[in-house]
Structures are given as structure tokens and as C-alpha cells.
Amino acid sequence: MEREGRVEVEKVGGRSTVTRCFSKYPLKFIIPRKGDSISCEFNIGDGCTTVLTTQASTKVYKSVGFKCCEQVLEARVGSNALLAVIPDPVTCFSTARYSQKQVFRVVSNSSLVIVDWITSGRHESGEKWDFDLYKSINHIFMEDDEPLFLDAVHLERGNVSSIAERMQDYQVIAMVVLLGPKIKHIQNLVQENVKRIMSDQLHIPSTVSGHQIKTHSDNRFAKPSFIASSSVFGPKGIGVVVRIAATTTESVYKFLQHQLAGMEPLLGVSPYH
């Protein structure tokens, strides 16, 4: 019988080591290594539509010493083309070190969707913001390398305070970038929805006479479980960026499902369903 996969593990230097690994499509074995480095490049031709997604969350395993896992993505999006980068979130294990950089080059009528998000870790293992380093860079350039959008997120375990202390109750942070004419209607809808969501979240209840009702004995209101903000960028506001902090991964999935549902006619499927 023809085998579709084979793995051999032997003792090398006193440690269990995979010495042989073979797999045949659709089977694939993944052997995690410390300090993995991945680099990929995409070229989206004029008038084309491309979707990049993942089968599950991107898991970053524990680091050894100061070795850092790295991932670099570079993409060019042609005229009247659409690229949607809509992965599941990154999940860093305890002591993990991870750095990613995504660089996109567009023209004036390119369309681009980027979802970039991270969870606090493996809750079932008691890990919450317990990694050592997470860095994510997203750059968008127009023709002639003119910067259009430059963004970086850097979370690192500090000597004074931990990441968990700084993040408090929030377990997910996310960013959504919407750019280009093909998704202009989605940009407008998302901005309206974010404004409505936050208006509801931050609504201060009042009595009939207009006096504020005290919801807590210390006269402070509970922190919202879901916070979102939106702003425009680029000439004539051609792009929209949404930033999110939430206490649950499920709430962010639901937000993405609802806000990006209008992309189904463009992609053939509704994102995150």
C-alpha cells in the first residue's frame, strides 16, 4: 500500500529529533522549529481578485533564548485589482517571540483589505499575554514608493510591567484596513457601524429628569467589553483603518463577519463564515 506520509524520530544529541519527514498532498506534516523565518511574495495582476487566508490561528511556539520567528509578506496589487488578506488571529505561546512585516504596493485604483490581529494566548493553559515579543508592521506604498499607510504594533515583556498588566482585561487587539474603489461602500458602512457600536457601548444612562444614574457605588462606569475606532487616511480619504480591543475572540469574529459580509459578491464567499 502506498503511504501518503512518513515520519522518523531519532535521538540526536540526547534530544528527540525528526530525522525524516515525507508527506503527499493532501496530507502535510508541520515540524515546528525555533526561530523559523518565512518570506513570500505575491503579484496580483490587473483586474484580478485574490484572497489570502488561513485554516486556523497562526500559532507561535515557545522560543529558545532570543530566537525570534519571522514572517515577511510582500505584495503588488495591480490596476483595478483586489487583494484581501483575511487570516485568523496570531496566537503566541508563553515566552514566544514573533515578528511579522507586510508590505503592499498599490496603484491609484487598487483595492486592498488587511485584517491583522492577535489574541492573548492559550487561555486553556492559563496563558494570557505571556509571550516575550510580538511585533507587526504593515506598510502600504503608492507608485514611486510614496508612503500611503505606515503602521507598527510592538508588544514586549518589560522590566517594570508585563504585557498582561498593560492590556488589563482585553484579550484581543485587531486592525482592519480598507482601501480602494471596489470596497468604498464597505468603508462607508463600517465607519457608520463603528460609530453606532461605540455610541451604544459608551451610552450614559439617565433618568427622566436628565440626571445621571449611578451604575456603580464608586460612580464609575464599567469598561466596554468591545472598543473600536475608525479613521480615514490617504489623499481624499481613500482608505479607512479600524482598530479594535476586545475581551473575547468571538466578539471580534462576529464584528468581522458582519462588517465584511458585503465583500461576498467580490470574493464569492463571505469572510469569516
Side-chain angles (χ1 to χ4, degrees), residues 4-5 7 9 15-23 25-42 51-75 84-103 113-138 151-157 162-164 166-167 169-176 244-257 260 271-273:
E4 295 182 335
V7 174
V9 180
R15 301 183 61 181
S16 299
T17 304
V18 176
T19 57
R20 184 180 180 187
C21 179
F22 164 79
S23 61
Y25 184 84
L27 174 67
K28 183 176 183 180
F29 294 116
I30 298 176
I31 312 298
R33 302 184 187 279
K34 310 301 181 183
D36 280 348
S37 180
I38 298 173
S39 178
C40 52
E41 182 178 353
F42 296 87
V51 181
L52 300 181
T53 186
T54 54
Q55 292 181 311
S57 62
T58 297
K59 298 172 180 63
V60 185
Y61 296 94
K62 295 182 178 183
S63 64
V64 174
F66 288 94
K67 290 185 178 179
C68 183
C69 293
E70 298 177 332
Q71 180 168 292
V72 177
L73 183 153
E74 295 187 48
V85 182
I86 47 176
D88 291 292
V90 172
T91 297
C92 293
F93 289 22
S94 175
T95 74
R97 298 178 64 84
Y98 176 73
S99 174
Q100 73 172 25
K101 184 175 183 180
Q102 300 186 136
V103 179
V113 178
I114 307 168
V115 178
D116 186 15
W117 53 320
I118 178 175
T119 71
S120 60
R122 299 180 298 171
H123 293 187
E124 67 279 3
S125 300
E127 298 177 1
K128 294 184 179 180
W129 305 114
D130 199 29
F131 51 85
D132 286 352
L133 172 69
Y134 170 84
K135 182 163 65 173
S136 179
I137 296 172
N138 286 281
D151 183 84
V153 174
H154 189 122
L155 299 174
E156 187 168 9
R157 188 189 300 273
S162 67
I163 301 172
R166 283 173 268 157
M167 297 303 297
D169 296 330
Y170 295 102
Q171 307 301 326
V172 185
I173 55 173
M175 180 181 73
V176 182
I244 301 164
T247 57
T248 67
T249 307
E250 291 74 17
S251 64
V252 181
Y253 269 117
K254 289 181 180 179
F255 177 86
L256 295 173
Q257 288 172 358
L260 301 181
Y272 295 106
H273 277 79

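Count residues from 1 along the sequence. Treat the numbers as computed from the prediction; the structure is a model and nothing was measured.
- Side chain of Glu127 to main chain of Ser94: a donor-acceptor pair is present (N/O by atom type, distance under 3.5 Å, no hydrogens or angles).
- In terms of heavy-atom proximity, Thr54 sits nearest to Asp88 at OG1-N, 2.9 Å.
- Rounding to the nearest 0.5 Å gives a distance of 10.5 Å between OG of Ser125 and CG of Asp130.
- Between Ile86 and Val115, the shortest heavy-atom contact is CG2-CG2, 3.9 Å.
- Met167 approaches Ile173 most closely through the heavy-atom pair CE-CG2, 3.4 Å.
- The minimum heavy-atom distance between Val252 and Ala174, with the atom names listed, is CG1-CB, 4.3 Å.
- Across Phe131 and Thr119, no two heavy atoms sit closer than the pair CE2-O, 4.5 Å.
- Between Leu155 and Trp129, the closest side-chain pair of non-hydrogen atoms falls below 4.5 Å.
- Formation of a donor-acceptor pair under 3.5 Å by the Tyr272 side chain with backbone atoms of Pro87 is found in this model.
- Side-chain contact check for Ser99 and Glu70: no donor-acceptor pair (N or O, by modelled atom type) lies under 3.5 Å.
- The closest side-chain heavy-atom distance from Leu133 to His154 is below 4.5 Å.
- Smallest separation of non-hydrogen atoms from Trp117 and Thr249: CZ3-CG2, 4.0 Å.
- Distance check, rounded to the nearest 0.5 Å: NZ of Lys59 to SG of Cys69 gives 14.0 Å.
- Of the inter-residue distances, the one linking Tyr170 atom OH with Thr248 atom OG1 reads 11.5 Å to the nearest 0.5 angstrom.
- With rounding to the nearest 0.5 Å, the separation of CD in Glu74 from CD in Gln102 is 11.0 Å.
- Just one residue in the list Arg97, Lys62, Arg157 forms a side-chain hydrogen bond (donor to acceptor under 3.5 Å, both in side chains) with Asp132, and that residue is Arg157.
- Note: Lys67 NZ to Ser37 OG = 12.5 Å, rounded to the nearest 0.5 Å.
- Counting heavy atoms from C-beta outward, Ile118 and Cys92 have side chains that approach closer than 4.5 Å.
- Considering CD1 of Ile244 and CE of Met175, their distance stands at 10.5 Å, rounded to 0.5 Å.
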Please walk me through it: do Gln71 and Leu73 pass side chain to side chain contact (heavy atoms under 4.5 Å, CB included)?
CA-CA 7 Å; Gln71 180 168 292; Leu73 183 153; 5.7 Å; no
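- Looking only at side-chain heavy atoms (C-beta outward), Thr58 and Gln100 stay at 4.5 Å or farther from each other.
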